[in-house]
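Okay, so here's the structure we're looking at.
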Amino acid sequence: MKSFGKIAGLMLATISLSTFLSSCAEDSGSSSSNSADTTSAVDAETFASSDTANANGYIAADLYENFSASETVYITLNGTSATARLGSGSEVSATSTETSIGTVSSKDITIVLTSNTAEDESSGTDAESNGLSVQYKGDGKIKYVISGTFTGTLFIKNKKADAAVVLNNAKITSDSGSGPALRFSSQNRTFIVIPAGTESTITDTRVLDQSATMYDTKKGSIYAKGALIFTGESSSSSGGVLSVVNKGFKHAIYSKDYVRVANITLNSTVEGTKGRDCIRSLTGVIIDGGTIKLTGNGTVTDDESVGIKVEGEDADEDELTVEYTAGAGFVIINGGKITINTVAKGITAHWKSSESAIGNAAYTATANESLLYTTFLNGTSASRPNPFVEINGGTIDITTTGTPYENSTASCSPEGIEAKGNMTINAGTITLSCTDDAINAGGSIVINGGAIYAYSSQNDAIDANGTSGITINGGTIVALGVTTPECAFDCDSYPLKITGGLLVGLGTNNYTAPTNCTQSTAVLSSSIYGSGGTTMAITDASGTPVFAYRLPSSAGSVMILSSPNIKTGSSYTVKTGVSASGGTAFHGLYTTLPSISGGTSTDSFSTSSSSCVYTSSGASSNGGPQEGTKPTTPGAR
């Protein structure tokens, strides 16, 4: 297999990843297939532009079975003490004096029990917290097998090569909030390996604004300078369970490069109201499989908890220096079962040029040493973070609970899935219940497949702000944005193009009218399709249903619908209040059609090849999409 790198043109080979990418589970009510067992490789520059589908983020070196350790270190934790041995060597007890447990490639591996130490810039001393430090200055690949229970920070210093940390029923809790629970200094890969049948827990006791007992302020319960890859022992079998608990300081999982999750059960929880994100990285997040549950309870104004956030840069405001700049900021989901419950956004590729030091005249870029940059983007034209979202499979269930607000200094937008750039959905079963936009993109939105339920209680269901608007080529979509002045599909004056798929959207008259459609589409007023809690249907000339939908309790005032069963050059009748039997429904939208009886005929229309959009009386757009006014203070609505 070939990985992304300095490739001159588009790679034509198709990579089979059936054991690496999870097949996305279907919603029990959907008849559509959402598997994504194969994906196409693309060259790095095409990947950076995110203008092509199936940018799956595949890197051969990210597979744990391709990691070959030079030696293995076994660490046994026991309260506040620990022992270690190199391979089959003798056990060495950790003390306050740095002690060698052996050498690899002529370089010592040492262990030492550390004490709280404040940062001293004059002497170049980094802050450290109570705990255990394991250091290797060589360039060999080391595997660390860790078991037992420990109170303090476990700091693995392995800078020059990839490393693997195998958590074997380990339980690590930071000491009285003095530092993170797990810290890694490597700018390369660190594999966090969770073997099948094991269950490990990482707990960070720090709390924002606590007293001076915090010595190490690294902003992750698990913190890494390089890439973090959470995986089982191989890509073809499931791993065990890892729980990460953040009591209220910064983020549960943080990487200054990218985060990848493969085939484990990962529970990442921000328990305290002062904490922030469940997973935060600078360059990217890639989820290939596993069972992932993210819960964020942080309510600090302007810093409410997010499930997955990719920042795209790391700047010191006083120096305007950005460490990693090129082409970063994306989220790719290839598979897995992902459940997110957060105060603010569920998933966001967040880099925003208007708020970035990169756009400042005083900006200075440092040498880009991120693994993502050197692997994906070095030698391409990428020069700015590219905050796209690509969904190629998986089962995604997101609930956001915060109240949207915005003022001159702070904001909270509890959107489900957000891309500041473009968003592409190729497959997957996606269920979103949000207080702000369910799906939002600063650029375009392209939906090629999948089963999507997008509900917003206070804003639009699907909202694109780029000039290419929204394009729907396939999939099953139920979009609900019925609170005035919001709508189901909002792309301002840009095109809403429908070429395929089965969809229904409910909203208000402030909608984007479908244009340039190649599949028959209808726009109906509520006087035509009926009231909440009833079933409406469209029948052909013989009375056979070609479309049916069981309306939710809040049915809005305008419906946009499209189905491949509605053919051009044919006549149809709209019926309300029908009785339906049989069939299969996805959130009320029948994907296999039922038998119907009864009901009232409210409208009839004919389709033509010259105009694929029929609009009923009373459903004309009222000046196009409009933005509702958000409160200026949290909880003011």
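For clarity, every value in this text was computed on a predicted model and none was experimentally measured. All heavy atoms count here, side chains included; hydrogens, waters and symmetry mates do not.
- Asp603 meets the salt bridge (charged side-chain N to carboxylate O under 4.0 Å, His left out) test with no other residue; sequence neighbours excluded.
- A 4.5 Å side-chain heavy-atom check between Pro514 and Val523 finds at least one atom pair inside the cut-off.
- Put simply, CG on Leu432 and CD1 on Ile452 are 8.0 Å apart, with the number rounded to the nearest 0.5 Å.
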Tell me, with the steps shown, if Thr429 and Tyr453 meet side chain to side chain contact (heavy atoms under 4.5 Å, CB included).
-> CA-CA 8 Å; Thr429 299; Tyr453 173 75; over 6 Å; no
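- A donor-acceptor contact closer than 3.5 angstrom links the side chains of Glu304 and Tyr405.
- Within the 4.5 Å cutoff, the side chain of Tyr529 has heavy atoms near those of the Leu551 side chain.
- Panel note: side chain Glu311, backbone Trp351; no donor-acceptor pair is recorded below 3.5 Å.
- Rounded to the nearest 0.5 angstrom, Cys517 SG and Ile472 CD1 are separated by 8.5 Å.
- When atom types are taken as modelled, the side chain of Asp277 and the backbone of Ile279 share no donor-acceptor pair closer than 3.5 angstrom.
- Side-chain contact between Lys345 and Lys309: absent, with no pair of heavy atoms (C-beta onward) separated by less than 4.5 Å.
- Residue Tyr549 holds its OH atom at 7.5 Å from CG of Leu589, rounded to the nearest 0.5 Å.
- Not a single donor-acceptor pair under 3.5 Å links the side chain of Asp492 to the backbone N or O of Tyr494.
- By the 4.5 Å heavy-atom criterion applied to side chains, Thr521 and Ile560 are counted as neighbours.
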Does the pair Val331 and Ile333 meet the rule for a side chain to side chain contact (heavy atoms under 4.5 Å, CB included), with working shown?
-> CA-CA 7 Å; Val331 176; Ile333 298 175; 4.2 Å; yes
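- A distance of 9.0 Å separates OG in Ser554 from CG in Leu480, rounded to the nearest 0.5 Å.
- With hydrogens and angles disregarded, no donor-acceptor distance shorter than 3.5 Å links the side chain of Thr573 to the backbone of Thr539.
- Looking at Asp436 and Lys630, a side-chain N of the basic residue comes within less than 4.0 Å of a carboxylate O on the acidic one, giving a salt bridge.
- Minimum interatomic distance between Phe605 and Ala522 (heavy atoms only, all atoms of both residues): CZ-CB, 4.5 Å.
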Could you walk me through whether Thr576 and Thr600 pass side-chain hydrogen bond (donor to acceptor under 3.5 Å, both in side chains), step by step?
-> CA-CA 5 Å; Thr576 62; Thr600 302; 4.7 Å; no
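- Here the closest heavy-atom approach between residue Ala441 and residue Gly421 is recorded as CB-O, 3.6 Å.
- Between the side chain of Ser456 and the main chain of Gly481, no donor-acceptor pair closer than 3.5 Å is present.
- At least one side-chain heavy atom of Ile566 sits under 4.5 Å from a side-chain heavy atom of Thr607.
- Here the side chains of Val446 and Asn473 are in contact, with some heavy-atom distance below 4.5 Å.
- In this structure a side-chain-to-backbone donor-acceptor pair under 3.5 Å is missing from Asp437 to Ile439.
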Does the pair Met536 and Leu524 meet the rule for a side chain to side chain contact (heavy atoms under 4.5 Å, CB included), with working shown?
-> CA-CA 11 Å; Met536 60 82 64; Leu524 307 176; 4.1 Å; yes
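- Using modelled atom types, no side-chain atom of Asp288 and backbone atom of Asn334 make a donor-acceptor pair closer than 3.5 Å.
- A donor-acceptor distance shorter than 3.5 angstrom exists from the side chain of Asn297 to the backbone of Val270, with no hydrogens or angles considered.
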Decide yes or no on side chain to side chain contact (heavy atoms under 4.5 Å, CB included) for Ile338 and Ile287, but give the supporting numbers first.
-> CA-CA 9 Å; Ile338 304 164; Ile287 296 178; 3.9 Å; yes
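- Asn510 and Glu486 share no side-chain donor-acceptor pair at under 3.5 Å.
- The two residues Val261 and Leu266 come nearest to each other via the heavy atoms CG2-CD2, 4.1 Å.
- Exactly one residue among Ile396, Ile347, Ile447 makes a side chain to side chain contact (heavy atoms under 4.5 Å, CB included) with Ile391. That residue is Ile396.
- No side-chain heavy atom of Thr584 sits less than 4.5 Å from a side-chain heavy atom of Tyr590.
- Residues Tyr572 and Val546 have side chains in contact (heavy-atom distance under 4.5 Å, counting atoms from C-beta outward).
- With Ser444 contributing its side chain and Asn422 its backbone, the two residues share no donor-acceptor pair below 3.5 Å.
- How far OG of Ser411 is from CG of Asp302: 5.5 Å, rounded to the nearest 0.5 Å.
- Of all the heavy atoms in Val504 and Met559, the pair that sits closest is CG2-CG, 3.7 Å.
- For Thr435 (side chain) and Gly402 (main-chain N/O), a donor-acceptor pair under 3.5 Å exists by modelled atom type.
- Here the CD1-CG distance, from Ile470 to Asp490, works out to 7.0 Å after rounding to the nearest 0.5 Å.
- Taking both residues in full, the closest heavy atoms of Gly307 and Thr342 are given as N-CG2, 3.4 Å, listed atom of the first, atom of the second, then distance.
- A pairwise comparison of heavy atoms in Arg276 and Asp303 identifies NH2-OD1, 2.9 Å as the closest pair.
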